Each structure stands twice: as structure tokens, then as C-alpha cells.
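Accompanying notes for the structure given below.
None of these values were measured; they are calculated from a predicted model.
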Amino acid sequence: MLLRRRLASSVSCNSLFAKALELQGNSLASRHVSSMQQATRLDSDRSDEEKGEIDWDNLGFGLVPTDYMYVMKCLKDGTFSPGELSRYGNIELSPSAGVLNYGQGVYEGLKAYRKEKGSGFLLFRPDQNAKRMQMSAKRMCMPSPSVNQFVHAVKQTLLANKRWVPPQEKGSLYIRPLLIGSGPILGLAPAPEYTFLIYTSPVGTYFKEGMKPIRLLLEDKIHRSSPGGTGDVKAITNYAPVLKAQIRAKSEGFTDVLYLDSVNKRYIEEVSSCNIFIVKGGEISTPITNGTILPGVTRKSIIEIGRDFGYEVKERPVSVEDLIEADEVFCTGTAVVVAPVSCIKYQGKRYQYKTGDETISTKLYKALTAIQMGLAEDKKGWTVALD
């Protein structure tokens, strides 16, 4: 009887969710005005020039708590309540929350940049993160915000924390949306309630090397994902399992770990938290997203920019042999942007790759960041401007 009630609750949440979003869409405009007024009110006691006490020249990639976070609840009937901004701080969860017991949660990551001369801000492709969260949530049996709800929430969180956006070319404001099963559940089943929240942190470069080339260890024992799993979505449970390999790699002087496929153990897939590309004779290749690789927003953008430059860009299986024979190797991701790789160790042997100002990866990096920071015309409509 208890199982039937749980299943009925799960079906109700999923079936009513689409209809609830449609009804919510009619009130989104009024909520937008209300949330804008709230953000203005919360920020009225300080000016945009009152930036956090941070050494912007030495900003790394670590948590710097900002002023506000955004919280929105999804109730049992699948309806998201109006979201609101509140002071950044701890949240209360039941010990039996679905996210704590069964790892039912997904997240996203995107960045906001300060425009030239401090005249407003730019978000980079937030709609793509919204769509990916929907895909991730579906895989994890969770309702998710609509694209409009997601982008609206991101905008309000940015505006409420605008004093924490670093000066141009000093860094960016990292924005972390989370969707978690916050309702209590004992047996294995979807949570009865969900929480969507967003927090932010000013960040610099992801790797301690900064913009210097990184070094990777190619792992052939531990695998990041497997066919039929969740490697192609941004589930929170995808990341802790790689820590063991990552810690070992760093103890040996490497920056991060590159993983092989778990079936053939012959094809490269991803680094711990970013996609990978190789360059050979002017041809750019990246592993095809076949259900075990996350379709990165930066990855997608670099593929388009590369083709705009006239390069042949292929999404295909990339073997260890292809990697060894490559001229260049680089990683892409929201956090790392574009990170050149100078060295990869595999089965005791080190392989060196071309780096520097004349590389294709540097050309792609400059083109992408120019769009992200508003230094080049955005002909693709990728950025969202806020004043």
C-alpha cells in the first residue's frame, strides 16, 4: 500500500508538472517585476562600486560567499512556488531528504562577466544550461524549471550579487544552480518535494596553473562513467567517484585525470570535470557524446567557433593512439574555459604537446572569451546583457 502511494505521488508530480509550468508562465512577467523590485530593495544599501574586499589580481577558483541566493520550491503536485531572494546561508534539510540518502540532485554552472568600463554585465548562453538541467532532471526523475524560470532566476541572482562581479579580465561571477530532492523519503523512490536554488562566487582561473598549460594523467583503472549510466547528465553523483583518481594524480604532480571508456578501455572520454579536444594537422576532434560524456556548453561553443574559422571539427571516437599522435590537446568547460595541455602520462610514458600563442587552442580561447566579455561582436546571440 505504501509503495502504491509513493508511485502515485511520483506519477502525479511528473504528469502535473508540464501543466503547472504552463499556468506559471502566465504569471512569470508579474513575478519578474516583483523579483526585480526585491533585488533592487535588497541592494539599495550599497552601490555597485562597493565591491567585496577581494584581491582581484589573485582571485583563484574557490568559494567566496556573496550576499544573496535564490530559492524556489516544487511542491508535491509538481507546482513550483514563486522564487525569492534571501541572504546567502545554510539551508535546512530533513535527514531523510532524497538528495542526502539517494543522491537525487543535479546542478549547473555558468558565468557572468562585467562589461567594459563597468557598464553592465553579460551572461553566456544561460538558456543552454537551462535545457541541460531539464535533460538531467528527466534522467533523475525530477521536475525542473522551465527555460524562462531558470534564466529569470539566474538574472535576479546576478543582479542581487552584482558587486561581486570581478572587474573585466580579472575573473567572473560563477553561478551555481542546484536542483535537489529536498523532501523526506525512506524507501528508494523520487522525493516528494524539490528545491531549486542558486548561489554565486567570484572566481579566477580554475586550475592553479592559471593560463599555463596543464598536465594530465590518463587513467585506465578507474572509470568516470559507463553505458546506461548518468555520464551524459550533470548529476551530483557523477563527481565524488573521481576524487580518488584525482587525488592520486595530483600527488604525482599532475593537474587532473583523463578517463577512458569503460567497455573497450581504448577511447578517451572526459577529464574529471571538463571535455577534451585534440588537434592533428589542423583537424580538431573531440569524443562524441554517446551517452557517457557530458555535452558541455563550452564544448558546443568551441565546435561552432572552430568551424567558423574554417577548421574541420569532428565529433568522433578518439582512441588512445589518436591522443598520442596529436599535435595539440586542450580541455573545455565553464570553469576552465579553454585549458591547453602540455603533457599526458599513460602507462608510465609521458607525451608532450604543442602549447603557446601560435596554437589553435589559444586562437579559440581568445575568440570565445572576447564574446563572453563583450570585447567582440556577438553575432550568434549567445550573450544576455543586464544593466
Side-chain angles (χ1 to χ4, degrees), residues 31-32 34-56 58-74 80-95 97-100 105-114 118 120-124 126 129-130 133 144-145 149-167 170-183 193-206 234 236 239 273 334-335 384 386-387:
R31 290 212 310 276
H32 175 77
S34 174
S35 190
M36 283 288 288
Q37 292 171 340
Q38 182 186 25
T40 301
R41 184 169 62 255
L42 290 170
D43 202 49
S44 62
D45 60 342
R46 61 173 64 92
S47 72
D48 187 31
E49 299 306 316
E50 258 187 277
K51 301 181 178 64
E53 297 179 1
I54 295 177
D55 180 0
W56 299 115
N58 294 291
L59 184 62
F61 198 95
L63 179 64
V64 178
T66 55
D67 297 321
Y68 300 102
M69 61 185 185
Y70 187 97
V71 181
M72 182 167 64
K73 297 280 188 177
C74 175
F80 275 98
S81 63
E84 61 181 16
L85 291 161
S86 62
R87 281 285 185 179
Y88 176 84
N90 295 339
I91 61 173
E92 185 175 305
L93 281 177
S94 166
V99 67
L100 297 180
V106 300
Y107 79 93
E108 277 297 327
L110 63 157
K111 288 179 176 178
Y113 297 85
R114 190 175 290 273
F121 313 94
L122 290 172
L123 288 165
F124 185 71
N129 295 94
M133 174 167 275
S144 62
Q149 286 176 314
F150 181 100
V151 175
H152 165 78
V154 167
K155 288 179 178 179
Q156 302 321 306
T157 311
L158 165 58
L159 291 175
N161 294 293
K162 61 185 180 182
R163 76 189 186 107
W164 295 95
V165 182
K170 298 292 186 181
S172 59
L173 187 70
Y174 187 82
I175 302 171
R176 171 58 63 82
L178 283 166
L179 179 63
I180 60 173
S182 51
E193 180 182 284
Y194 298 89
T195 298
F196 173 70
L197 62 88
I198 305 175
Y199 67 91
T200 65
S201 177
V203 297
T205 56
Y206 182 74
K234 213 161 178 62
I236 62 173
Y239 295 88
S273 59
T334 297
V384 176
L386 284 86
D387 295 324

Practice item. Decide side chain to side chain contact (heavy atoms under 4.5 Å, CB included) for S172 and V203; before the verdict, give the C-alpha distance in whole Å, the side-chain angles of both, and the deciding distance to 0.1 Å. Key: CA-CA 6 Å; S172 59; V203 297; 3.7 Å; yes
Practice item. Might you point out which heavy atoms bring P177 and F196 nearest each other, and give the distance in Å? Key: CB-CE1, 4.0 Å
Review point. Side chains of S81 and K73: do they bring a donor and an acceptor to under 3.5 Å?
Key: no
Point to revise | Close side-chain approach of V384 to P126, heavy-atom, < 4.5 Å | key: yes
**Study point:** NZ on K170 to CG on D55, rounded to 0.5 Å
**Key:** 9.0 Å
Check your understanding: Who pairs with K234 by side chain to side chain donor-acceptor pair (under 3.5 Å), at least two apart in sequence or on another chain?
Key -> Y239
Study note, to complete from the structure: Closest heavy-atom pair, L100 versus S94, reported as atoms and distance to 0.1 Å, is CD1-O, 3.5 Å
Exercise for review: Please check if the side chain of S201 supplies one atom and the backbone of V64 the other of a donor-acceptor pair under 3.5 Å.
Suggested key: yes
**Study point:** Rounded distance (nearest 0.5 Å) linking atom CE of M69 with atom OG1 of T200
**Key:** 11.0 Å
Review point. Do the side chain of R176 and the main chain of E108 share a donor and acceptor less than 3.5 angstrom apart?
Key: yes
Study note, to complete from the structure: So CD1 of I180 and SG of C74: to nearest 0.5 Å the spacing works out to 12.5 Å
**Study point:** Working for side chain to side chain contact (heavy atoms under 4.5 Å, CB included), residues W164 and D67
**Key:** CA-CA 9 Å; W164 295 95; D67 297 321; 3.0 Å; yes
Exercise for review: To the nearest 0.5 angstrom, please state how far the CG atom of L122 sits from the CG atom of L386.
Suggested key: 8.5 Å
**Study point:** Enclosure of D387 CG (heavy-atom neighbours >12, cutoff 6.0 Å)
**Key:** no
Exercise for review: Using the side-chain contact (heavy atoms from CB on, under 4.5 Å) rule, pick out the option among T195, L93, L179 that qualifies with V99.
Suggested key: L93
Review point. Any side-chain heavy atom of F121 within less than 4.5 Å of one from Y113?
Key: no
**Study point:** K155, M72, M133 screened by side-chain contact (heavy atoms from CB on, under 4.5 Å) with F150, the one that passes
**Key:** M133
**Study point:** Minimal non-hydrogen separation, A112 against L123, with atom names
**Key:** CB-CD2, 3.8 Å
Point to revise | Taking every non-hydrogen atom, the tightest pair across N161 and L173 | key: O-CD2, 4.2 Å
Exercise for review: Quick one: closest heavy-atom pair of L59 and P166, and the distance?
Suggested key: CD2-CG, 3.8 Å
Study note, to complete from the structure: Applying ring-ring contact (aromatic ring centres under 6.0 Å, His included) to Y199 and not counting sequence neighbours gives none
Point to revise | With sequence neighbours excluded, residues passing side chain to side chain donor-acceptor pair (under 3.5 Å) with T334 | key: none
Review point. What distance separates F124 CZ from I175 CD1, expressed to the nearest 0.5 Å?
Key: 13.0 Å
Point to revise | side chain to side chain contact (heavy atoms under 4.5 Å, CB included) between I236 and V106, intermediate numbers included | key: CA-CA 5 Å; I236 62 173; V106 300; 5.6 Å; no
Practice item. Kindly indicate whether the side chain of S86, heavy atoms from C-beta on, has any atom under 4.5 Å from the side chain of Y68. Key: no
Check your understanding: Within a strict 4.5 Å, meaning less than it, do heavy atoms of the V165 and L158 side chains meet?
Key -> yes
**Study point:** Inter-residue atom distance T66.OG1 - K162.NZ, 0.5 Å rounding
**Key:** 14.0 Å
Exercise for review: Measure across Y70 and A153 and return the closest heavy-atom pair with its distance rounded to 0.1 Å.
Suggested key: CE2-CB, 3.4 Å
